[in-house]
Visitor: 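Starting off with a structure, shown below.
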Amino acid sequence: MSLTPLQKRLLNDFQRGFPLSPRPFQALAETLGVDEAEVLENLRVLSDSQMVSRVGPVFAPQRVGASTLAALAVPAERLEAVAAWISDLPEVNHNYEREHRYNLWFVLTAADPERLDAALARIERHTGLAVLSLPLLEDFHIDLGFPLDFGSGPT
């Protein structure tokens, strides 16, 4: 997919400092010199092309709701199906494969600890696999925002 200059700015310029406003996309539009509908349409295109999975806040762990880092040891022949099922859970914001006995990792979030425990139990019932739950004990901040290099392609 060839990105437009507006799409590049949407991907790069708002990794931090997203406007906290009743109309955040209007605020983005004003910064970019376009209208709100154009911002929304370009974000839809980026989402449809799977270049953006979501636009939303990231809250510090355990400040709102409950969360845990979780892992499963999934037999190789079931990994793709289990990963797809895990990805569809509303409590999971992403999962990834690791080269380890625990080969499927994900972050699970819920409104409160009871709902988190219920989600963990549901995963165990559905998969038949024990979930390794590693709740946060000490907070480390890793800034995942980084400048995107779009190369020398069309602008």
Side-chain angles (χ1 to χ4, degrees), residues 1-72 74 79-99 103-120 122-123 126-127 131 133-155:
M1 175 179 163
S2 178
L3 296 171
T4 68
L6 176 60
Q7 291 167 341
K8 290 177 182 177
R9 289 201 64 196
L10 286 168
L11 291 171
N12 199 43
D13 294 4
F14 303 101
Q15 296 182 54
R16 296 178 198 87
F18 195 84
L20 295 177
S21 148
R23 304 277 308 263
F25 301 107
Q26 177 63 39
L28 293 182
E30 290 171 8
T31 299
L32 295 167
V34 297
D35 63 41
E36 183 180 28
E38 195 170 354
V39 167
L40 292 169
E41 173 59 18
N42 278 278
L43 288 173
R44 185 195 60 74
V45 168
L46 292 169
S47 177
D48 288 351
S49 64
Q50 300 183 335
M51 296 191 74
V52 170
S53 60
R54 65 183 279 275
V55 175
V58 176
F59 297 101
Q62 312 303 356
R63 301 250 164 72
V64 176
S67 65
T68 190
L69 175 63
L72 289 170
V74 183
L79 183 60
E80 191 171 320
V82 171
W85 184 80
I86 293 285
S87 289
D88 284 342
L89 296 175
E91 298 90 349
V92 173
N93 58 23
H94 69 281
N95 70 56
Y96 52 96
E97 180 181 0
R98 295 184 102 177
E99 293 180 8
N103 54 356
L104 184 64
W105 290 74
F106 50 96
V107 174
L108 197 68
T109 60
D112 54 55
E114 292 77 23
R115 291 181 190 182
L116 185 70
D117 289 343
L120 290 167
R122 190 171 73 244
I123 291 168
H126 181 84
T127 64
V131 177
S133 177
L134 303 167
L136 178 70
L137 299 178
E138 187 173 345
D139 197 6
F140 293 95
H141 178 74
I142 300 171
D143 185 352
L144 296 177
F146 50 89
L148 298 175
D149 179 4
F150 297 107
S152 59
T155 58

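Residues take their numbers from the sequence shown, with the count starting at 1.
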Visitor: Is the shortest side-chain N to carboxylate O distance from E91 to R115 below 4.0 Å?
Guide: no
Visitor: Checking Q26 side chain against R23 main chain: does a donor-acceptor pair fall under 3.5 Å?
Guide: no
Visitor: Going from OG on S67 to CG on L136, what distance comes out if it is rounded to the nearest 0.5 angstrom?
Guide: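 If I round to the nearest 0.5 Å, the distance is 7.0 Å.
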Visitor: Atom CZ of residue position F146 - does it have more than 12 heavy atoms of other residues, nucleotides or ligands inside 6.0 Å?
Guide: no
Visitor: Just so I know, are the side chains of D143 and Q15 near enough to count as touching, which here means a heavy-atom distance under 4.5 Å?
Guide: no
Visitor: Which heavy atom in Q7 sits nearest to a heavy atom in S2, and how many Å separate them?
Guide: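 Reported closest heavy-atom pair: OE1-O, 3.9 Å.
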Visitor: Hey, what do you get for NE2 (H94) to OG (S53), rounding to the nearest 0.5 Å?
Guide: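 It comes to 9.5 Å.
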Visitor: In terms of side-chain geometry, is the basic nitrogen of D13 or K8 positioned less than 4.0 Å from the acidic oxygen of its partner?
Guide: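 Judged by the 4.0 Å cut-off on N to carboxylate O distance, D13 and K8 do not form a salt bridge.
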Visitor: Using the side-chain contact (heavy atoms from CB on, under 4.5 Å) rule, take L72 and I86 through it: C-alpha gap first, then chi angles, then the decisive distance, then the call.
Guide: CA-CA 10 Å; L72 289 170; I86 293 285; 4.2 Å; yes
Visitor: Looking only at heavy atoms, which two atoms of S49 and L46 are closest? And how far apart?
Guide: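 Looking at all heavy atoms of both residues, the shortest contact is OG-O, 3.1 Å.
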Visitor: Under 3.5 Å, is there a donor-acceptor pair linking the side chains of E97 and N103?
Guide: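 No pair is found: no donor N or O on one side chain lies under 3.5 Å from an acceptor on the other.
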Visitor: Quick one: closest heavy-atom pair of P19 and P24, and the distance?
Guide: O-CB, 3.5 Å
Visitor: Please name the residue in the list L10, L28, V39 that meets the side-chain contact (heavy atoms from CB on, under 4.5 Å) test with V34.
Guide: V39
Visitor: Are any side-chain N or O atoms of T127 and backbone N or O atoms of I123, one a donor and one an acceptor, separated by less than 3.5 Å?
Guide: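 Confirmed, T127 side chain pairs with I123 backbone.
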Visitor: Just so I know, are the side chains of W85 and H126 near enough to count as touching, which here means a heavy-atom distance under 4.5 Å?
Guide: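 In short, these two side chains touch, coming nearer than 4.5 Å.
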Visitor: What pair of heavy atoms forms the shortest contact from L120 to S133, and how long is it?
Guide: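 Heavy atoms only, the tightest pair is CD1-OG, 3.9 Å.
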Visitor: Is the ring pair F14/F18 parallel, tilted or perpendicular, if the boundaries are 30 and 60 degrees?
Guide: perpendicular
Visitor: Has D112 got a side-chain atom pairing as donor or acceptor with G65's backbone, closer than 3.5 angstrom?
Guide: no
Visitor: Is there a side-chain contact (heavy atoms from CB on, under 4.5 Å) between R122 and L89 once you walk through the steps?
Guide: CA-CA 10 Å; R122 190 171 73 244; L89 296 175; 3.7 Å; yes
Visitor: Set out, in order, the CA-CA distance, both residues' side-chain angles and the distance that settles side-chain contact (heavy atoms from CB on, under 4.5 Å) for L116 and T109, then state yes or no.
Guide: CA-CA 6 Å; L116 185 70; T109 60; 5.7 Å; no
Visitor: Donor-acceptor pair, distance only, cut-off 3.5 Å: does the side chain of T68 make one with the backbone of A70?
Guide: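 Absent.
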Visitor: Report yes or no: does R9 contribute a side-chain atom to a donor-acceptor pair with the main-chain N or O of L32 at less than 3.5 Å?
Guide: no
Visitor: Within the 4.5 Å heavy-atom criterion, are N95 and W105 side-chain neighbours or not?
Guide: no
Visitor: Decide if atom CD of E41 counts as having more than 12 heavy atoms of other residues, nucleotides or ligands within a radius under 6.0 Å.
Guide: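 Enclosed.
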Visitor: Check the pair F106, L69 against side-chain contact (heavy atoms from CB on, under 4.5 Å), reporting the backbone distance first and the verdict last.
Guide: CA-CA 6 Å; F106 50 96; L69 175 63; over 6 Å; no
